[in-house]
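Please read the structure below before turning to the comments.
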Amino acid sequence: MKYMFSESRHIAVVIPCYRVTNHVLGVIAAIGPEVWRIYAIDDKCPDGSGDFIEKHNVDPRVVVLRNEVNQGVGGAVMAGYRAAIADGAGVIVKIDGDGQMDPALVPDFAGPVLRGEADYTKGNRFYDLEEIRSMPAIRLFGNAVLSFMTKISSGYWDLFDPTNGYTAIHVDVAKRLPFDKISKRYFFETDILFRLNTLRAVVQDVPMDASYGDEVSNLKISKIVGEFIVKHCRNFSKRIFYNYYLRDLSIASVELPLGLLLTGFGTVYGLSHWLSAAREGTATPAGTVMLSALPILMGVQLILAFLAFDINSVPKTPWHRRGRRAAAAIGEEK
């Protein structure tokens with residue numbers, strides 16, 4: 001489905017470039033006329049992506065930016081965000097330069113943002129069960145695990161495929177992001193979801209297919225799994241504190257700590273008495289079992305109640321629409 005945009009000149013595309021000289025010109029050539037400007041960011045590429053694009057590119061919309069030091073995909077994308085914001089973009093779409101993402105889908109990603117349905121859109125390669133058969137098995141398993149971890153840490157329980165880098169963001173929301181705090185490397189896509197949740201921004205999945213050709217991924221799962229776990233735990237803790245204690249208080253603010261306390265008490269109490277009885281060769285008294293089981297049951301119920309509350313708290317009203325309505329209301333009062 002194609003969209004006609006009255007604000008098409010405001011759509012900017014950001015392409016982080018690192019060892020993509022075999023594909024990036026094809027990506028640029030496939031970007032449609034609805035895009036106003038294209039930013040290609042040479043992230044200190046050893047292959048000289050910036051020079052290569054300047055030498056061979058014929059598209060007048062292309063602006064080449066260069067990072068003085070390699071900052072990773074997040075650092076490259078944020079350099080593009082800054083430039084697009086400064087130049088007056090309305091929506092910023094991010095596409096990888098390795099040819100895995102179809103530039104023809106730019107209207108599908110920018111459309112929900114321009115129509116005021118979302119603040120941020122991201123790709124999801126798992127909608128079509130037939131298409132995902134072409135995806136390597138290790139990527140399927142890794143995405144399933146990462147998606148579950150991201151749901152917990154970001155609070156966007158309705159999203160999947162969190163590491164998908166095909167995204168679009170409204171410029172008013174991009175301006176509110178703490179660029180200096182967002183992870184600059186492979187955790188970038190996941191970390192930005194956490195930051196968006198602290199703004200209560202609406203994020204929407206966009207179905208897409210992925211193609212895997214001769215491109216080589218720089219991501220090594222064994223090197224980043226520990227880092228991802230630590231950062232997910234950090235973001236989860238921050239999100240819970242921001243949303244349930246600093247910004248607001250609700251019944252869920254009581255359910256989580258009380259549930260954890262009861263579950264922890266019952267587990268420790270039960271294990272200690274079971275080990276003691278095992279050493280003495282005696283049976284654990286029924287009363288002790290009940291004193292252990294009851295807090296655990298109550299605690300688990302409270303934790304489940306908190307999760308139900310958290311799942312139902314996914315943002316529903318786009319942030320940039322709330323901001324415009326508030327500005328309009330202030331203008332009318334004046």
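Atoms considered below: every heavy atom in the structure, side chains included; atoms not considered: hydrogens, waters and symmetry mates. Positions are given from 1 along the sequence.
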Got Pro16 and Lys94 here, is their nearest side-chain heavy-atom distance under 4.5 Å?
-> yes
Donor-acceptor contact below 3.5 Å, side chain Arg37 vs main chain Ala89 | no
Please report the closest heavy-atom contact between Ser292 and Gly270, naming both atoms and the distance.
-> OG-CA, 3.2 Å
Qualifying residues under ring pair (Phe, Tyr, Trp, His ring centres under 6.0 Å), relative to Tyr269, sequence neighbours excluded = Phe265, His273
Treat each ILVMFWY residue as a node, draw an edge where side-chain heavy atoms are under 4.5 Å apart, and state whether Ile152 and Leu256 are in one component.
-> yes
Residue list, salt bridge (charged side-chain N to carboxylate O under 4.0 Å, His left out) with Lys122, at least two apart or on another chain | Asp205
Determine the minimum heavy-atom distance between Gly165 and Met101, stating which atoms define it.
-> C-CE, 3.5 Å
Is it possible for you to say whether Phe148 and Phe236 belong to one hydrophobic cluster, with membership spreading through side-chain heavy-atom contacts below 4.5 Å?
-> yes
Keeping to residues at least two apart or across chains, list the salt bridge (charged side-chain N to carboxylate O under 4.0 Å, His left out) pairs with something in residues 259-275.
-> none
Which atom pairs, donor and acceptor, lie under 3.5 Å between side-chain atoms of residues 45-52 and protein residues at least two apart or in another chain?
from: Asp51; atom 1: OD1; to: Arg66; atom 2: NH2; distance (Å): 2.7

For the atom pair CG (Leu199) and CG (Asp172), what is the distance rounded to the nearest 0.5 Å?
-> 11.5 Å
Only one of Leu65, Val77, Asn70, Val73 passes side chain to side chain contact (heavy atoms under 4.5 Å, CB included) with Asp43, and that residue is Asn70
How many angstroms lie between CZ in Phe187 and CZ in Phe194, if you round to the nearest 0.5 Å?
-> 9.0 Å
Less than 4.5 Å apart, any side-chain heavy atom of Phe306 and any of Ile240?
-> yes
Closest approach of Glu34 to Val106 (non-hydrogen atoms, all atoms of both residues) = OE2-CB, 3.9 Å
Write out all pairs satisfying side chain to side chain donor-acceptor pair (under 3.5 Å) with one or both partners inside residues 153-166, taking only residues at least two apart or from two chains.
-> Arg125-Asp161, Asn143-Thr163, Ser153-His232, Trp157-Asp310, Asp161-Asn164
Side chains of Ile296 and Thr267: does their closest heavy-atom pair fall under 4.5 Å?
-> yes
Tightest non-hydrogen contact, residues Val113 and Ala168, listed as CG2-O, 4.3 Å
Heavy-atom nearest pair, Ile41 first then Ala76, reads CG1-O, 3.6 Å
For Tyr81, which residues count as a ring pair (Phe, Tyr, Trp, His ring centres under 6.0 Å) partner, sequence neighbours excluded?
-> none
Criterion side-chain contact (heavy atoms from CB on, under 4.5 Å) on Ile182 and Phe188, from CA distance to verdict | CA-CA 7 Å; Ile182 297 175; Phe188 167 72; 3.6 Å; yes
Identify whether the distance between the nearest side-chain nitrogen and carboxylate oxygen of Asp119 and Lys175 falls below 4.0 Å.
-> no
Rounded to the nearest 0.5 angstrom, the CZ-CD1 distance for Phe109 and Ile169 is 14.0 Å
Heavy-atom closest pair (Val93 atom, Ala110 atom, distance to 0.1 Å) is CG2-CB, 4.4 Å
Walk me through it: do Arg61 and Trp36 pass the test side-chain contact (heavy atoms from CB on, under 4.5 Å)?
-> CA-CA 7 Å; Arg61 298 173 296 174; Trp36 160 68; over 6 Å; no
Are Tyr127 and Phe160 linked, directly or through other ILVMFWY residues, by side chains that come within less than 4.5 angstrom of each other?
-> no
Is there a side-chain contact between Glu54 and Asn57 (heavy atoms, below 4.5 Å)?
-> no
Only pairs at least two apart or in different chains count here, so list each salt bridge (charged side-chain N to carboxylate O under 4.0 Å, His left out) that has a residue in residues 283-294.
-> none
Drop me the distance from Leu302's CG to Leu307's CG, to the nearest 0.5 angstrom.
-> 11.0 Å
Test salt bridge (charged side-chain N to carboxylate O under 4.0 Å, His left out) applied to Arg234 - qualifying residues, sequence neighbours left out | Asp191
Would you give the length of the straight line joining atom NZ of Lys184 to atom CE of Met78, rounded to the nearest 0.5 angstrom?
-> 4.5 Å
If you group Ile, Leu, Val, Met, Phe, Trp and Tyr by side-chain heavy-atom gaps below 4.5 Å, do Leu294 and Leu261 land in one group?
-> no
Answer with yes or no whether the hydrophobic clustering places Leu260 together with Tyr245; edges join I, L, V, M, F, W, Y residues whose side-chain heavy atoms lie under 4.5 Å apart.
-> yes
Hey, could you give me each pair passing salt bridge (charged side-chain N to carboxylate O under 4.0 Å, His left out) that has a residue in residues 265-293? Not counting sequence neighbours.
-> none
Is there a donor-acceptor pair closer than 3.5 Å between any side-chain N or O of Lys316 and the backbone N or O of Val314?
-> yes
Decide yes or no on side-chain contact (heavy atoms from CB on, under 4.5 Å) for Ile192 and Tyr120, but give the supporting numbers first.
-> CA-CA 10 Å; Ile192 201 169; Tyr120 184 85; 3.5 Å; yes
Does the Asn67 side chain pair with the main chain of Val69, one donor and one acceptor, at a distance under 3.5 Å?
-> no
So the side chain to side chain donor-acceptor pair (under 3.5 Å) pairs with at least one residue in residues 253-264 (sequence neighbours excluded) are none
Can you tell me how far NZ of Lys55 sits from OG1 of Thr21, rounded to the nearest 0.5 angstrom?
-> 12.0 Å
Set of salt bridge (charged side-chain N to carboxylate O under 4.0 Å, His left out) partners for Arg176, sequence neighbours left out = none
Find out whether Val173 and His170 are in side-chain contact, i.e. whether some heavy atom of one side chain is under 4.5 Å from a heavy atom of the other.
-> yes
Side chain of Asn124, backbone of Val206: donor and acceptor closer than 3.5 Å?
-> no
Within the side chain of Ser237, is there an N or O that forms a donor-acceptor pair under 3.5 Å with the backbone of Cys233?
-> yes
Tell me, please, which residues at least two apart from Lys151 pass salt bridge (charged side-chain N to carboxylate O under 4.0 Å, His left out).
-> none
Take His10 and Val91 through the side-chain contact (heavy atoms from CB on, under 4.5 Å) test and state the conclusion after the steps.
-> CA-CA 6 Å; His10 294 305; Val91 177; over 6 Å; no
Above 12 or not: heavy atoms from other molecules or residues under 6.0 Å from NZ of Lys231?
-> yes
Side-chain donor or acceptor of Thr150 paired with backbone N/O of Thr190 under 3.5 Å | no
Between Leu177 and Leu196, is any pair of side-chain heavy atoms under 4.5 Å apart?
-> yes
